[in-house]
Each structure stands twice: as structure tokens, then as C-alpha cells.
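Below is one structure, written out as C-alpha cells, with a few remarks after it.
In each ligand, atom 1 is the first atom listed, and ligand 1 is the first ligand listed.
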Amino acid sequence: MSSQRGKFITFEGLDGCGKSTQLELLADELRKQGHAVVVTREPGGTDTGEKIRRLLLDTRTSGLAPMAELGLMFASRAQHIHEVILPGLNAGRIVLCDRFTDSSEAYQGGGRKLGSKVVLELHRVLCGDMKPDLTILMDSDVAASVERARRRNRGRDSSENDEGRFEKENRAFFTRVRNTYLEIANREPERVMVVDARGTPAKTHAKILQVVSKKLTIETSSRKANNGR
Ligand code: TYD
């Protein structure tokens with residue numbers, strides 16, 4: 001096991017903002033540069049988490065209380081940290097995660113109106129207040145993103161892979177989600193980088209690469225400086 005802790009990078013944004021594509025593009029690039037990369041997602045990322053994901057995203061799950069929804073997101077997350085994220089970081093890898101606690105704050109805290117406080121409190125208790133080294137917040141238009149996500153979901157085999165429960169929410173819900181994301185970015189400007197995701201995938205990729213390279217270079221050089229003392 002490497003003694004150097006790896007890097008934990010999370011991706012956030014509205015459904016259909018192009019997050020998954022960007023995550024894969026970044027993973028390919030980092031691997032080309034010789035980094036060991038783990039790509040994972042929430043809810044999910046472990047066997048147990050994927051079961052919880054199916055329950056959470058299936059449109060046939062009806063009448064789920066917002067607090068129960070929040071609890072399930074955190075159950076998946078606690079397992080994920082234990083089984084995938086911490087072991088990856090302890091082995092010195094770069095862990096790229098599609099969504100993390102900021103999603104709970106934006107969707108359950110903002111979208112479902114539970115507020116940030118309960119989310120941050122659960123994060124402290126259940127996740128040891130674990131902070132990503134860097135969070136890429138892909139900012140996009142509410143209407144365009146949600147329409148894209150709905151189209152994608154309609155194209156799926158509905159009985160096998162129904163992941164449309166959140167995409168049924170209205171525009172007001174997603175506007176609250178987006179506003180909460182922007183509040184988080186304002187509150188934690190060191191960690192959360194807002195990247196405009198309205199351009200072409202190639203343009204967005206270039207912007208993300210710039211942000212990530214800067215972060216990795218700064219950390220690498222400060223480590224060297226400390227070792228030199
Ligand atoms: P994801 O698979 O990233 O959806 P998409 O590819 O459409 O962006 O995430 C699944 C859904 O779960 C998404 O609608 C956001 C929601 N979600 C929450 O509401 N809270 C959470 O804590 C997480 C991790 C996801």
C-alpha cells in the first residue's frame with residue numbers, strides 16, 4: 001500500500017448535464033498520464049449500493065418519504081466510503097466519483113426542501129465529514145439538462161433499467177437543486193470549481209482538464225516542498 005493518500009475528485013450537476021461523459025474523458029486522460037484511477041458513482045458503487053440505487057431511481061418506488069430517501073442515499077454512501085473510496089485513496093489512487101454528498105444537499109436539501117443542516121449533520125455522523133479534494137460542478141440550463149436526461153431515460157428498456165424517478169420532477173425542483181449547488185460553490189470556493197457545461201463536450205473537457213491539472217500540480221509541488229525541508 002502506498003503511503004501517499006490519493007486524490008478524491010467528485011463530479012456534480014443536474015441530471016443530463018453530461019457528467020458521466022466528462023468523467024470518462026477525464027479518467028482516460030489521467031490514465032494516459034500514468035495515474036491509477038478508480039471510477040465510481042453514487043448512489044451505487046458497491047453491490048449493496050447498486051441495490052439501493054435501483055430502489056431509489058425506479059419510478060415504481062412510490063410515496064418514498066424525503067427523509068427515507070435521504071437515509072438511503074447515505075446508507076449507499078457509507079458503504080461506498082468503506083468499501084471503495086477509502087481503500088482506493090489509501091492505495092494512492094485517484095478516485096473519480098459521479099456524485100457525492102453535495103448531491104444530497106442539492107436534491108434532498110434543496111429539491112425536497114429538507115434544508116442543508118440535516119444533510120451536513122448526517123454527513124458528519126455517517127461519513128466522518130469526508131471532503132473531496134476537488135469537486136467539479138458542471139453548471140447547465142435546467143430545461144435543457146432535464147430534457148436530455150428524460151430523452152435518455154425513454155431510450156432505455158424500461159422494465160430492466162428504469163432510472164427515471166428524479167427526472168419526473170418539475171422545473172421548480174431542478175431550479176432549487178441548481179441554486180443549492182451554486183450556494184455550496186459560494187460557501188466552499190477552495191473545493192468546488194464551477195465549470196460551464198453549456199458548450200461542446202470537447203470544450204467542457206478542456207476546461208475540466210485545466211482545473212484538475214492545476215489542482216494536482218499544486219498539491220504535487222507543495223508535497224515536494226515539504227519533503228525538502
Ligand atoms: P445519476 O446517475 O448521476 O443521474 P444522471 O446521470 O441523470 O445525472 O444520479 C441519479 C439520480 O440520483 C439523480 O437524479 C440525482 C439523484 N441523487 C440524489 O437525489 N441524491 C444523492 O445524494 C445522489 C447521490 C443522487
Exercise for review: Check the angle between the aromatic planes of Phe166 and Phe173 and answer parallel, tilted or perpendicular using the 30° and 60° thresholds.
Suggested key: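 The rings of Phe166 and Phe173 sit tilted, inter-plane angle from 30° to 60°.
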Part of [X] within contact of ligand 1 (heavy atoms, under 4.0 Å):
| X | result |
| --- | --- |
| Asp98 | side chain |
| Lys19 | side chain |
| Arg53 | side chain |
| Ala106 | neither |
| Leu57 | side chain |

Exercise for review: Distance to 0.1 Å, residue and atom name: give those for the protein heavy atom nearest to atom 18 (C) of ligand 1.
Suggested key: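 Of the protein heavy atoms, Met73 CE, 3.2 Å lies nearest.
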If you count the atoms of ligand 1 from 1 in the order shown, which ones are under 4.0 Å from a heavy atom of [X]?
| X | value |
| --- | --- |
| Arg77 | 22 (O), 24 (C) |
| Gln108 | 18 (C), 19 (O), 20 (N), 21 (C), 22 (O) |
| Arg152 | 5 (P), 6 (O), 7 (O) |
| Glu167 | 7 (O) |
| Glu42 | 24 (C) |

Review point. For Ser104 and Arg77, does a side-chain donor sit closer than 3.5 Å to a side-chain acceptor?
Key: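 A pair is found: one side chain offers a donor N or O, the other an acceptor, under 3.5 Å apart.
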Can you find a non-hydrogen atom of [X] under 4.0 Å from ligand 1?
| X | value |
| --- | --- |
| Glu69 | no |
| Glu163 | no |
| Ala149 | no |

Review point. Can you name the side-chain hydrogen bond (donor to acceptor under 3.5 Å, both in side chains) partners of Gln210, sequence neighbours left out?
Key: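 side-chain hydrogen bond (donor to acceptor under 3.5 Å, both in side chains) list for Gln210, sorted by chain: empty.
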Practice item. Could you tell me whether the side chain of Glu12 reaches within less than 4.5 Å of the side chain of Met138, counting heavy atoms only? Key: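 They are not in contact (no side-chain heavy atoms under 4.5 Å apart), so the answer is no.
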**Study point:** Heavy-atom side-chain proximity of Asp98 to Ser20 below 4.5 angstrom
**Key:**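 They are in contact (side-chain heavy atoms under 4.5 Å apart), so the answer is yes.
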Review point. Name the one of Asp141, Val142, Leu137 that satisfies side chain to side chain contact (heavy atoms under 4.5 Å, CB included) with Arg178?
Key: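 Result: among Asp141, Val142, Leu137, Val142 is the only option passing the side chain to side chain contact (heavy atoms under 4.5 Å, CB included) with Arg178.
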Check your understanding: Considering residues at least two apart in sequence or located in another chain, which fulfil the ring pair (Phe, Tyr, Trp, His ring centres under 6.0 Å) criterion with Phe74?
Key ->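 Scan of Phe74 (ring pair (Phe, Tyr, Trp, His ring centres under 6.0 Å), adjacent residues dropped) gives none.
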